Student: 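There's a structure below that I have some questions on.
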Amino acid sequence: MKEYKFEKINVKGLAGVYQKIDEYHDVIHESAKEGWELVQVFTPPTSLYGGAAFIEIIFSRDKE
């Protein structure tokens, strides 16, 4: 059996200005240290102006 973890990272800040999203690397590395395996990076549909407001990183690991 598997368990799943979802990490949401906001990409858009105030007035639609994109923030630096390099922090997703840290999220992936830290989660891997805890035994989580990256399954998918989900990006929702883009807005009218072509950008997504967030990304969601999905991890899984065997449930103990």
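Model, not experiment: these values are computed from the prediction. Side chains are part of it too, since the values below use all heavy atoms of this structure and drop only hydrogens, waters and symmetry mates.
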Student: Kindly write out the residues that satisfy side-chain hydrogen bond (donor to acceptor under 3.5 Å, both in side chains) with Lys8, not counting sequence neighbours, or none if the list is empty.
Tutor: none

Student: Check which hydrophobic residues are tied to Phe42 through side-chain heavy-atom contacts below 4.5 Å, counting indirect links as well, and list them.
Tutor: Tyr4, Phe6, Val39, Ile58

Student: Mind checking what makes side-chain contact (heavy atoms from CB on, under 4.5 Å) contact with Lys33, not counting sequence neighbours?
Tutor: Glu30

Student: Sequence neighbours excluded, which residues qualify as side-chain hydrogen bond (donor to acceptor under 3.5 Å, both in side chains) partners of Lys63?
Tutor: none

Student: With sequence neighbours left out, write down each residue that passes salt bridge (Lys or Arg N to Asp or Glu O under 4.0 Å) with Asp62, or none if nothing qualifies.
Tutor: Lys2

Student: Kindly indicate whether the side chain of Ser31, heavy atoms from C-beta on, has any atom under 4.5 Å from the side chain of Lys5.
Tutor: yes

Student: How long is the straight-line distance from CD1 of Ile55 back to CD of Gln40, given to the nearest 0.5 Å?
Tutor: 11.5 Å

Student: Any salt bridge linking Glu37 with Arg61? Criterion: basic side-chain nitrogen under 4.0 Å from a carboxylate oxygen.
Tutor: no

Student: Measuring from atom NE2 of His29 to atom CG of Leu38, what distance do you get when rounded to the nearest 0.5 angstrom?
Tutor: 11.0 Å

Student: List the residues meeting side-chain hydrogen bond (donor to acceptor under 3.5 Å, both in side chains) with Glu56, not counting sequence neighbours, and say none if there are none.
Tutor: none

Student: Check Ile28 against Phe59 and note the closest heavy-atom contact, atom names and distance.
Tutor: CA-CZ, 4.0 Å

